[in-house]
Amino acid sequence: MRSFVCSPMPIFFLFVVHILGAISVATASKGIRCFHLELTHALTYPDGVPKSTFLINGTSPGPLIEADEGDWINVTVVNKLPVPTSIHFHGIMQRGTPFSDGVPGVTQLPVKSGEVYSYVFQVEGQYGFSWYHAHYRGYSSDGLYGPVYIRPKKERKRPYRLVTNDSVELQTLYELEKSPATLISNDHFKYTMDELMARMENYGIEPMCLQSVLINGYGRIYCHNETTFQQLRRKKPPMIIDSMGCFRAHDNKGYDHLSIDHDALETPGYSKQCQETFSKNYIHYTNGSEWQYINVLNAGGQFTKAFSIDAHDLIVIAIDGIFVDPVRVQQLMIPVGSRVTILVETKHDRYRPGQDVFAIRFAVALNPQYIEGIGYLKYGSESSNATQDGLNEEALQETSSMRFQELDGTLRDPSFRSLWPHETKPLEESCKLKYKNANKTFSFFLNRTGPVHFSMFENGTRLSTHFENVEPLLNRLGDEKADHLNDVNGLIRSINHNEVVDLIINNYKSYSHPVHLHGHLFHLVSFSPTENFPFTSVQEAVDANYPNVNLTTPPYFDVAFVPPGGHAVLRFVADNPGMWLLHCHNLGHLIGGMGAILLESPDLIQILTSNGPLGAAENTSFLNRRIRKST
Ligand SMILES: *[C@@H]1O[C@H](CO)[C@@H](O)[C@H](O)[C@H]1NC(C)=O
Ligand SMILES: *[C@@H]1O[C@H](CO)[C@@H](O)[C@H](O)[C@H]1NC(C)=O
Ligand SMILES: *[C@@H]1O[C@H](CO)[C@@H](O)[C@H](O)[C@H]1NC(C)=O
Ligand SMILES: *[C@@H]1O[C@H](CO)[C@@H](O)[C@H](O)[C@H]1NC(C)=O
Ligand SMILES: *[C@@H]1O[C@H](CO)[C@@H](O)[C@H](O)[C@H]1NC(C)=O
Ligand SMILES: *[C@@H]1O[C@H](CO)[C@@H](O)[C@H](O)[C@H]1NC(C)=O
Ligand SMILES: *[C@@H]1O[C@H](CO)[C@@H](O)[C@H](O)[C@H]1NC(C)=O
Ligand SMILES: *[C@@H]1O[C@H](CO)[C@@H](O)[C@H](O)[C@H]1NC(C)=O
Ligand SMILES: *[C@@H]1O[C@H](CO)[C@@H](O)[C@H](O)[C@H]1NC(C)=O
Ligand SMILES: *[C@@H]1O[C@H](CO)[C@@H](O)[C@H](O)[C@H]1NC(C)=O
Ligand SMILES: CC(=O)N[C@H]1CO[C@H](CO)[C@@H](O)[C@@H]1O
Ligand SMILES: [Cu+2]
């Protein structure tokens, strides 16, 4: 059969792949789900102020991509933007389809303006909440992001019985699992990412001062007074905090030398006088259900978020899509790129439909800015109120006394509990750590090596500037040996099939970095927020009884938050041939070079070697692809 047939209905077809150039594997599958995404450029007013935005099918976030575990998916992207781009499916492993990973310069050429490009992959053996976003320059933050949800197959173990044994409630949870709600926050700057990057290059300023925090594309500019800011800082040294809540950090020289751009929002400490807006905030209606099943994502390109819903506990059931032992908390700490799935009990015997409303808060945590995005959890349904804007602001004022966190994300009471993704345990046996020893260890060192230069390597090596526009590395594998790749910065070559690989990631003192690995989930086998890993391998640490090593029940996810001065050790099994980026998910840091490319099992990588590079748009007939063996 020569091509897939798009169908939401189960149909059967043969998908023929050639592995190692010799074996033909015929895989029968249920069908393929096709999604069409049109990328356009428009002026929008997400927080009441006009901004040049990139949209997906006219919206940002873009439409949901949903499927059942095991499905094939075909996402066809029509680039009607004035710029090139690409789409990466964050959390989708791309097993057998590394060329659909969406990283320009590594797995494809950028999709140029006017071109069409299809990403085809299978979600076999994976489920839960992921997301898609542009992986070219910083365009993700300009609006190119959206949710992906893969419904788990029947056989998987669920955590629901650890939450309730009431059969009606269990049924509700199974029902809600089919189409969970989504809350996505984005860091919204006054300027577009290209404008910010130009400023970064010219003035050595990182984008650090948000205009607003959006929730599902909605937001407002809130202005807080000096008293509020100073109270938040009461236990810390005095500092200049501007009207947008941005403050000058001690270690950035205050940008005092700058003679221009002082007014511009992205210069911490110099924002223009804050101008409040009253645009619409996002409203999540309970629709009368006793439970809310919500996928929460920090899609922001910049800051970790402290998330909470006033007066409502959060029961965490999955991290990065993977079910975990449920934990009841009042607050989630969500690094950039991380996803947390929660259950929230909405008690309709206590709160009144059409009336009671509670704030949903995404606050920038660990600052350097005091700012939060607010949405509403509203009892009742949209129709139980005549107008969308008929929000009871008075009721909101009342319930805000029941809030858990301050504007800076700190908890208001020591009895409240907060949870980081790295404090969870995977639920299913299959997601637990199986390997006590690693075959290979690689070390990384997160450092700022220049005003706008960031590196993952001890010697300061960075991903090359504009690596995104070069001939994709996957293509360069070709027939010959990988000699072509000698000039590639930050390439790790020696990962062989089925090896157990440890990545030791130490962080220098000044910034935190959310490190994301493509193509794999990993176990966090050692972590410390305060010290670098004092060994050269996990085995040495085990031999020394190092207390931060965790080989019994380590967390399992795809983003590791590495605090300043701390470390994370990631362990994964190299069972997915491909070229996988390992990078900081702070967009400014990634653009500044903070990444590495893991070349895994080059002999087994399936590559498209027909005419031209993978980026030859329109040509999605990769069923015809020949798989070559590098000899
Ligand atoms: C994916 O969908 C596009 C648009 O419908 C189609 O042209 C292309 O052939 C499909 N790709 C595969 C591999 O089926
Ligand atoms: C996006 O818009 C296109 C064109 O209007 C439409 O065909 C497609 O179904 C939309 N995609 C999704 C996922 O809604
Ligand atoms: C439900 O029942 C199981 C098995 O008896 C038990 O392990 C679990 O703790 C119960 N769940 C709750 C929420 O009580
Ligand atoms: C500052 O804001 C707080 C909280 O909104 C308010 O209680 C206080 O009265 C304000 N102070 C001044 C000086 O405006
Ligand atoms: C509530 O119902 C509306 C209208 O049917 C729907 O759009 C929305 O997604 C529902 N919300 C939840 C949380 O299920
Ligand atoms: C390992 O990690 C889990 C999950 O974060 C935690 O509950 C457990 O206490 C950790 N064990 C050790 C020995 O650190
Ligand atoms: C971090 O970068 C700075 C600036 O380039 C350099 O001086 C320093 O040696 C680096 N630190 C380490 C441990 O590599
Ligand atoms: C820096 O270290 C990396 C990783 O060890 C290595 O591949 C690269 O060749 C080194 N670069 C320089 C300039 O020494
Ligand atoms: C990895 O190491 C183990 C021993 O620790 C060994 O049995 C296994 O063969 C090694 N795997 C590979 C792929 O080298
Ligand atoms: C697409 O690729 C196939 C080989 O995989 C080739 O035969 C065909 O000519 C290409 N089509 C275009 C439009 O480039
Ligand atoms: C029709 C309806 O239920 N309207 C309600 C909308 O919300 C306000 C305040 O939140 C209520 O007072 C109305 O009764
Ligand atoms: Cu970073």
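As the structure lists them, so they are numbered: ligands from 1, and atoms in each ligand from 1. Being a predicted model, the structure only gives us computed values, none of them experimental.
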Looking only at distances, please establish whether an N/O atom of ligand 7 is found under 3.5 Å from an N/O atom of Asn447. yes
Name all residues meeting the side-chain contact (heavy atoms from CB on, under 4.5 Å) criterion together with Ile591; count only those two or more places apart in sequence or in a different chain, and write none if there are none. Met197
Partner residues of Thr410 under the side-chain contact (heavy atoms from CB on, under 4.5 Å) criterion, sequence neighbours left out: Glu406, Asp408
Pair His583-His518, side chain to side chain donor-acceptor pair (under 3.5 Å): steps then yes or no: CA-CA 9 Å; His583 68 93; His518 291 211; 3.3 Å; yes
Applying a strict 4.0 Å limit to heavy atoms, is Ser118 in contact with ligand 1? yes
So that I can tick it off, tell me whether Asp68 and Arg151 are bridged by a salt bridge, with the cut-off set at under 4.0 angstrom between side-chain N and carboxylate O. yes
Does a salt bridge link Asp310 with Arg361, judged by any charged N lying under 4.0 Å from a carboxylate O? yes
What is the minimum heavy-atom distance between His513 and Cys584, and which atoms define it?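 Shortest heavy-atom separation between His513 and Cys584 comes out as ND1-SG, 3.6 Å.
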Tell me the residues surrounding ligand 4, counting only those with a heavy atom closer than 4.0 angstrom, sorted by chain and number.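 Around ligand 4, where the cutoff is 4.0 Å for heavy atoms, the contacting residues are Asn225, Thr227, Thr228.
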Report the residues that fulfil ring-ring contact (aromatic ring centres under 6.0 Å, His included) with Phe561, sequence neighbours left out, ordered by chain and then residue number. Trp420
For ligand 1, which atoms have a heavy atom of Thr76 less than 4.0 angstrom away?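 Near Thr76, the atoms of ligand 1 are 1 (C), 2 (O), 3 (C), 4 (C).
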Should you measure from each heavy atom of Asn74, which atoms of ligand 1 turn up under 4.0 Å away? 1 (C), 2 (O), 3 (C), 8 (C), 10 (C), 11 (N), 12 (C), 14 (O)
Please could you name the atoms of ligand 7 that Glu458 approaches to less than 4.0 Å, counting only its heavy atoms?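 Contacts of ligand 7 toward Glu458, numbered from 1: 14 (O).
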Hey, which atoms in ligand 7 end up nearer than 4.0 Å to a heavy atom of Arg448? 2 (O), 4 (C)
With a cut-off of under 6.0 Å to the ring centre and 45° to the axis, is Arg233 in cation-pi contact with Phe247?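 Satisfied, under 6.0 Å and within 45°.
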Donor-acceptor side-chain pairing of Gln231 and Thr227 below 3.5 angstrom: no
Backbone or side chain, does any N or O of His36 fall under 3.5 Å from an N or O of ligand 1?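 No, since none of the N or O atoms of His36 sits under 3.5 Å from an N or O of ligand 1.
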